[in-house]
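In what follows, a single structure is set out as structure tokens and then discussed.
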Amino acid sequence: MTEKRKNPSLIENVSSLKGVGEKSSALFEKCGIRTVEDLLLYFPRDYDICEPIKNVSDLVPGEVSAVRVCLVGNMVFRPVRNLKILTFKAADVSGEMTITYFNMPYMRNNIKPGNYYVFRGLVQKKGSLMCMEQPKLFKYEDYLEIMGSMQPKYPLVKGLSNQLFIKTVSQAIMSTPYLEEFLPSTMKREMDLMDYSEAVRKIHFPASMDEYLLARRRLAFNEILEFILKIRFLKREEEESINDFSYTEGKESEGLIESLPYKLTGKQLQIWNDIKADLMGKHVMNRLIQGDVGSGKTILAFLSLLFTAENGYQGAIMAPTEVLARQHYESFCEMAEEYKLSIKPILLIGSMTAKQKREAYELIASGEVNCIVGTNALIQEKVNYNNLALVITDEQHRFGVKQRGMLSEKGVNAHILSMSATPIPRTLAIILYGDLHVSILDEMPGGRIPIKNCVVGTKYRPTAYKFMRDEVNKGHQCYVICPMIEEGELDGLENVMDYAANLKKALPGIKIGILHGKMKPSEKEEIMSSFADGDIQILVSTTVIEVGINVPNATVMMIENSERFGLAQLHQLRGRVGRGKDQSYCIFINTSGREEAKERLEIMNHSNDGFKIAEEDLKQRGPGDLFGIRQSGEMAFHVADIYQDAKLIREAAEYADRLLADDPDLVMSENARLKELTGSNLFDFTAL
Ligand code: ADP
Ligand code: MG
């Protein structure tokens, strides 16, 4: 959207809002929020729904519920080690329960005998009675007021409270009368979509689940439509783009296939043929290979680079991390030497010295090397290529859209091959990408030892720690995944910081490291390489490790709050183990008492096939599911979810195709705003 059309109050700094001083505006900035608009577009990650009050006799363990009860008997107050525990019995007409508070001795004064209060919290069963620990306490009248409403929960940073967030957002909504609509009104009517401004307001404060779903639908639709239109435009551009290079069948690449210690699978061979046909074809290639983790994409990349080298051109491969880039570089060098190949790889990464980089630039510019292995960032820099014909992006979870843009700016019309490990079901991939070239590698090389899985509750933790200790003693390494980085982001979920501190106490003598998305890239690289080198034995991390890292020596993956992740994401995480010659294990810790959560995780327990899991995910998740947890930045969509919104994606794609059939260049006046949305920064978006 262009700035000039924007409502002026949107571009003001958040500090213009009441109650936002210097300190809080710095905290907002940490969340990436500068302007009022940023704030409005920072959506809740979850909601607290204050459910109707239940009878004690109807309580179900594992659910969060509210009861209206009165104190019976005495309060018992006892110190246990450094905990001050307050326990009492409470009851309504239907039965009795136990309520416990830790380190909140003042609660004693808040609860008067003979009075009824509402307690809301997670229900557990302790002995024969239901129990709540640390429930929230409400006066009955106060609870009635918020009952049924959805209270937004924002992803926070330390020091910024959800309450302040809520207050600030409601102010922003009041001071901002509208956000400009950009969809044609016919489209809104036909697709039954909420007004944009209304959707943004309601996503923060939905009056009901239905309202939330409608707001979410509109916001998801925005993202999906933008994505699809951009992909369609891109495709059109490519159809007109001529292959500037002339490739002929190569002896070395074909010879390598014969001499590898393993036989390529049928699917690998098929995709290799597709790639060759593209490279030798009339138009420039833009192919996406989707293959499950461990399906053997790297060898296809290497073959393509070798084929390019033997045809006299340069090729480059970009990896998301330096560790992965280095891994590729080393394995490419080994193959080049072992099979006496003409390919000459060179490494180009940020941590190299200025002198090393300069030397690399020279070798690249002169054409002395023909296979550049590096990170995304470096290939964007001012490297002068010598006849660059192929660019591969590995594990980027995204289509080579940005890269295409960058390269065309440089006047290079290279072929692009993207490799992604997000198993999107084929049907969906085709809808999203149209008939852009997507190859699906859904056959695993034989001879793998399948990962052993288990889904267990938190009681199993001590056993799991002991198990990890044994694995570490055998010389192996482990991952523990927590959904959050630090305390206070979302209640009740494990966070990396506290978890690592506790794990250090539980496993003295074991070298434990931490990794999360808020670390500087250089810090992340350092942690990843010391894990790869075996200096860190257990790595406690958020889902940032989902991308890239390959440490065959790691044999245990333990995932906390695993019920909060999508199945496809769990599968990605699990794919970090089972990469070596030893038996690997995945431990899913389920902290939810809900039956659905258990059933969902059982799918993981019984299948190691990413495409099957993706299909199941598609079937199981309904539009009623809330956001869940995801790492922002890596995915194309913030609100939309390719699995959950499969139906909306189909509808949006159909609509977009009809729209483009009528108005191929979006020149009609009612489409002008849409054109602005998709026309600007055609290349500047993250595809899947
Ligand atoms: P990913 O698709 O996750 O990038 P890799 O390319 O890293 O997977 O492959 C994982 C492992 O499988 C590597 O050690 C590779 O050598 C091996 N591999 C690849 N193709 C085959 C095959 N056809 N048969 C046996 N092993 C293979
Ligand atoms: Mg790979």
Side-chain angles (χ1 to χ4, degrees), residues 253-254 256-275 287-306 316-339 341 345 373-376 392-398 400 417-424 438-451 479 528 532 545-555 557 568-569 571-582 584 586 608-611 613-614 634:
S253 42
E254 295 309 314
L256 177 64
I257 294 175
E258 297 305 314
S259 6
L260 283 172
Y262 51 80
K263 265 181 81 150
L264 291 188
T265 63
K267 277 279 158 61
Q268 279 173 318
L269 276 174
Q270 192 185 324
I271 296 175
W272 170 235
N273 285 327
D274 290 344
I275 294 171
R287 179 171 292 279
L288 170 69
I289 302 180
Q290 276 203 355
D292 210 345
V293 278
S295 58
K297 293 184 290 294
T298 316
I299 189 65
L300 292 173
F302 186 70
L303 283 168
S304 313
L305 290 164
L306 178 60
I317 179 165
M318 305 188 221
T321 64
E322 294 201 350
V323 180
L324 201 59
R326 197 173 272 129
Q327 263 169 14
H328 283 330
Y329 172 72
E330 281 160 13
S331 80
F332 290 2
C333 287
E334 275 167 32
M335 281 195 273
E337 194 178 6
E338 183 174 351
Y339 302 106
L341 304 171
V373 184
T375 42
N376 207 342
I392 303 180
T393 63
D394 186 24
E395 304 275 10
Q396 301 276 43
H397 299 281
R398 62 183 68 159
L417 182 64
S418 310
M419 304 197 300
S420 155
T422 312
I424 304 174
V438 182
S439 300
I440 310 245
L441 186 53
D442 55 359
E443 181 181 359
M444 278 289 178
R448 292 271 161 82
I449 312 173
I451 298 168
Y479 299 97
M528 282 200 194
I545 58 112
E546 202 183 307
V547 189
I549 199 164
N550 178 31
V551 180
N553 190 41
T555 52
M557 168 61 69
Q569 198 175 15
H571 181 68
Q572 286 296 312
L573 290 167
R574 176 169 61 187
R576 298 298 118 206
V577 297
R579 303 175 82 88
K581 56 189 187 325
D582 301 296
S584 287
C586 188
N608 283 327
D609 175 343
F611 286 91
I613 289 167
E634 282 307 325

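Just follow the structure's listing: the first ligand is 1, and inside any ligand the first atom is 1. Note that the coordinates shown come from a computational prediction; the quantities given were computed from them, not determined experimentally.
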for atom 3 (O) of ligand 1, nearest protein heavy atom and its distance come out as Gly294 N, 2.6 Å
Smallest heavy-atom separation, Leu441 atom then Ser295 atom, equals CD2-OG, 3.5 Å
Exercise. Evaluate the 4.0 Å heavy atom contact test for atom 24 (N) of ligand 1: does a protein atom fall under the cut-off?
Key: yes
Counting from 1 in the order shown, the ligand 1 atoms closer than 4.0 Å to a non-hydrogen atom of Thr265 are 23 (N)
One finds that the ligand 1 atoms under 4.0 Å from a non-hydrogen atom of Pro445 are 20 (N), 21 (C), 22 (C), 24 (N), 25 (C), 26 (N), 27 (C)
Tightest non-hydrogen contact, residues Glu443 and Gly266, listed as OE1-N, 3.5 Å
For Arg579, the ligand 1 atoms with a heavy-atom partner under 4.0 Å come out as 3 (O)
- Task: Could you say whether the N/O atoms of Gly296 and ligand 1 ever approach to under 3.5 Å?
- Result: yes
Whether the side chain of Lys297 engages the backbone of Gly291 through a donor-acceptor N/O pair (distance < 3.5 Å, no angle test) should be reported. yes
Of all protein heavy atoms, the one nearest atom 15 (C) of ligand 1 is Tyr262 OH, 4.3 Å
Under the 4.0 Å line, does any protein heavy atom show up next to atom 13 (C) of ligand 1?
-> no
On a heavy-atom basis, the closest approach of Ile392 and Ser304 is CD1-CB, 4.3 Å
Distance col, row Leu303:CG vs Ile271:CD1, nearest 0.5 angstrom, shows 12.0 Å
Within 4.0 Å of some non-hydrogen atom of Thr298, the atoms of ligand 1 are 4 (O), 5 (P), 6 (O), 7 (O)
Here the atoms of ligand 1 under 4.0 Å from any heavy atom belonging to Leu264 are 23 (N)
> Does the side-chain contact (heavy atoms from CB on, under 4.5 Å) test come out yes or no for Lys267 and Asp442, once each step is laid out?
Replying inline: CA-CA 7 Å; Lys267 277 279 158 61; Asp442 55 359; 2.7 Å; yes
In short, Gln268 meets Leu300 closest at the heavy-atom pair O-CD2, 3.5 Å
OG of Ser439 to CG of Leu288, rounded to nearest 0.5 Å, is 8.0 Å
Atom 11 (C) of ligand 1 has as its nearest protein heavy atom Arg448 NH2, 3.2 Å
In ligand 1, the atoms that come under 4.0 Å of a heavy atom of Gln268 are 19 (C), 20 (N), 22 (C), 23 (N)
For Lys263, the ligand 1 atoms with a heavy-atom partner under 4.0 Å come out as 22 (C), 23 (N), 24 (N)
Is the closest heavy-atom distance from Gly291 to ligand 1 below 4.0 Å?
no
Residues Pro345 and Phe332: closest non-hydrogen pair is CG-CB, 4.1 Å
